[in-house]
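Remarks on the structure that follows.
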Amino acid sequence: MEKINIVIAGPRGRMGREAVKLVQVTENYHLAAVVDHKNDGGLLSDFDGFHGLDVPIFSNIEECFQKTAANVFIDLTTPEFGMHHTKAALASGIRPVVGTTGFTKENLKELEIICKEKELGCVIAPNFAIGAVLMMKFAQLAGKYFSDVEIIELHHDEKLDAPSGTAVKTAEMIAEVRKSKKQGHLNEKETMNGARGAEFDGMHIHSVRLPGLIAHQQVMFGSAGQTLTIRHDSYNRASFMSGIKLSVDTVMNLDTLVYGLENIIE
Ligand SMILES: NC(=O)C1=CN([C@@H]2O[C@H](COP(=O)(O)OP(=O)(O)OC[C@H]3O[C@@H](n4cnc5c(N)ncnc54)[C@H](OP(=O)(O)O)[C@@H]3O)[C@@H](O)[C@H]2O)C=CC1
Ligand SMILES: O=C(O)C1=N[C@H](C(=O)O)C[C@H](O)C1
């Protein structure tokens, strides 16, 4: 079986560490290099938890791609750097798999155009957990029948972006089928800023941040005399790895950008 040469950005992070393990245990994957903005010139094995992994570290992503023969680039960093990294990968003819959240609509459009021009695949997935993808799909189905919905996403307190990428994607998917509606009382007023959360097409999104949490989301629908709650919980980062693997395997055969794992699961 031919090896897929992979570069990971953010290898010391919570997701990056898990992704390094995934590459290590997958027979046809090879970790060719990592991108880490702090440890240029070192080896991954210099750090705790990476025993025996003599993989070169680059801080400059362009230099990394010049010196490394890679097929797939996995980004698990921050919204600030994810876009730059993804564009650099595409410029070097390397297919990105992006887990980093916080990309704007404009970012996605720009990347879609680059992929089309270069005929290169790219997967951007706000959530790699299969259960979360199903939760979004079920919520989209329910959104056809309920136009009143509140999305409550709950995450660990180290998370940089709010609302979560998953919550944004869920709202986008529901908006595709939901009868547009401004929810709540016509005359409702916030007596404290933010009490009703963020608004997307009249729906409301609430972001909870607490130590002890990992990644959770509940989508609540209501109509006369009934509510429906759809909930997903990730209890560890291993929950995201089968989705990363599916994305890496799939991106090798894509020549366009795919936004959301729901577009590639069978
Ligand atoms: N799609 C999905 O299923 C999931 C997506 N995520 C998303 O993945 C991203 C990472 O999450 P998480 O692992 O929890 O975050 P962490 O903060 O644990 O990890 C981010 C890592 O990226 C490093 N980093 C920051 N800037 C750069 C840069 N310019 N170049 C290389 N490395 C950099 C950080 O280093 P340092 O700390 O030293 O600055 C850190 O090690 C987030 O956007 C999160 O929302 C998370 C879980 C699931
Ligand atoms: O930062 C996280 O942890 C997560 N981020 C993603 C998001 O913003 O939706 C996916 C998952 O919820 C975990």
Side-chain angles (χ1 to χ4, degrees), residues 1-36 44 50 53 55-58 61 64-65 67-78 81-101 103 108 111-112 114-116 118-134 136 165-166 169 215 234 236-266:
M1 203 186 303
E2 209 162 307
K3 290 256 183 208
I4 302 179
N5 288 309
I6 298 176
V7 170
I8 297 178
R12 287 177 299 104
R14 288 173 289 261
M15 281 292 283
R17 281 182 182 273
E18 209 60 51
V20 168
K21 278 192 233 159
L22 169 74
V23 174
Q24 274 185 286
V25 300
T26 308
E27 210 184 329
N28 64 319
Y29 289 3
H30 168 67
L31 187 59
V34 294
V35 177
D36 178 340
L44 202 50
F50 298 113
L53 267 175
V55 173
I57 301 176
F58 294 89
I61 196 155
C64 173
F65 292 143
K67 295 189 175 164
T68 312
N71 309 108
V72 174
F73 166 68
I74 302 177
D75 195 82
L76 297 163
T77 61
T78 66
F81 293 103
M83 180 68 182
H84 169 70
H85 289 171
T86 306
K87 281 169 75 173
L90 289 169
S92 301
I94 298 163
R95 295 173 153 80
V97 168
V98 181
T100 304
T101 49
F103 280 42
L108 294 173
L111 293 172
E112 193 185 3
I114 300 173
C115 287
K116 210 171 184 179
K118 295 200 152 266
E119 295 184 10
L120 268 180
C122 172
V123 175
I124 300 185
N127 203 312
F128 287 116
I130 179 73
V133 177
L134 290 174
M136 290 186 259
T166 308
K169 184 72 162 122
S234 268
N236 58 38
R237 271 108 194 161
S239 62
F240 303 112
M241 294 305 127
S242 57
I244 294 194
K245 182 168 185 318
L246 175 68
S247 302
V248 170
D249 294 342
T250 306
V251 82
M252 290 298 293
N253 300 312
L254 289 177
D255 57 7
T256 55
L257 181 141
V258 170
Y259 169 51
L261 212 62
E262 69 281 3
N263 297 307
I264 56 176
I265 56 171
E266 290 299 317

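Numbering starts at 1 and runs along the sequence shown. Below, all heavy atoms of this structure are taken into account, side chains as well, without hydrogens, waters or symmetry copies. Fair warning: this is a prediction, and the values are worked out from it, not measured in the lab.
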When rounded to the nearest 0.5 angstrom, what is the spacing between OH in Tyr259 and NZ in Lys169?
-> 5.0 Å
Nearest 0.5 Å, what's the CG-CG distance between Leu246 and Leu261?
-> 5.5 Å
Could I get the full list of side chain to side chain donor-acceptor pair (under 3.5 Å) partners for Lys118, not counting sequence neighbours?
-> none
Could I get the full list of salt bridge (Lys or Arg N to Asp or Glu O under 4.0 Å) partners for Lys3, not counting sequence neighbours?
-> none
Validation row: Thr68, Phe58 side chains within 4.5 angstrom (heavy atoms) | yes
Results of side chain to side chain donor-acceptor pair (under 3.5 Å) for Thr100 - residues two or more places apart only = Asp75
With sequence neighbours left out, what residues match Lys87 under side chain to side chain donor-acceptor pair (under 3.5 Å)?
-> Glu110
Which of Val72, Ile8, Val7 passes side-chain contact (heavy atoms from CB on, under 4.5 Å) with Val23? It is Ile8
What residues, two or more places apart in sequence or in another chain, satisfy ring-ring contact (aromatic ring centres under 6.0 Å, His included) together with Phe65?
-> Phe73
Would you name the heavy atoms of Ala70 and Ile94 that are closest together and state the gap between them?
-> O-CG1, 3.6 Å
Those residues at least two apart in sequence (or on a different chain) that pass side chain to side chain contact (heavy atoms under 4.5 Å, CB included) with Thr26 are Leu22, Asn28, Tyr29, Lys245
Is there side-chain contact between Leu31 and Gln24, with at least one heavy-atom pair below 4.5 Å?
-> no
Sequence neighbours left out, what passes side chain to side chain contact (heavy atoms under 4.5 Å, CB included) with Asn71? Give chain and number order.
-> Ile4, Asn5, Met252
Qualifying residues under salt bridge (Lys or Arg N to Asp or Glu O under 4.0 Å), relative to Lys116, sequence neighbours excluded | none
Sequence neighbours left out, cut at 3.5 Å: what donor-acceptor pairs do the side chains of residues 236-243 make with other protein atoms?
| unit_1 | atom_1 | unit_2 | atom_2 | d |
| --- | --- | --- | --- | --- |
| Asn236 | OD1 | Ala238 | N | 3.1 |
| Asn236 | OD1 | Ser239 | N | 3.2 |
| Ser239 | OG | Ser234 | OG | 2.9 |
| Ser239 | OG | Asn236 | O | 2.6 |

Closest heavy-atom pair, Ser247 versus Phe128, reported as atoms and distance to 0.1 Å, is OG-CE2, 3.4 Å
Salt bridge (Lys or Arg N to Asp or Glu O under 4.0 Å) partners for Arg17, two or more places apart = none
Look up atom CD1 in Ile61 and atom OG1 in Thr77, then write down how far apart they are to the nearest 0.5 Å.
-> 8.0 Å
Heavy-atom pair with the smallest gap, counting every atom of Thr101 and Gly165 = CG2-CA, 3.8 Å
Here the pair of heavy atoms bringing Leu254 nearest to Arg95 is O-NH2, 3.2 Å
All side chain to side chain donor-acceptor pair (under 3.5 Å) counterparts of Asp255, not counting sequence neighbours = none
Separation between OG1 of Thr250 and CD1 of Ile264, rounded to the nearest 0.5 Å | 4.0 Å
Do Phe50 and Val55 come close enough that some side-chain heavy atom pair is under 4.5 Å?
-> no
Taking all atoms of both residues into account, what is the closest heavy-atom pair of Val20 and Pro11, and its distance?
-> CG2-CB, 4.1 Å
Can you see which heavy atom on Pro126 is nearest to which on Gly260, and at what distance?
-> CD-CA, 4.2 Å
Could you grab the distance from atom OG1 of Thr86 to atom CG of Leu108, nearest 0.5 Å is fine?
-> 10.0 Å
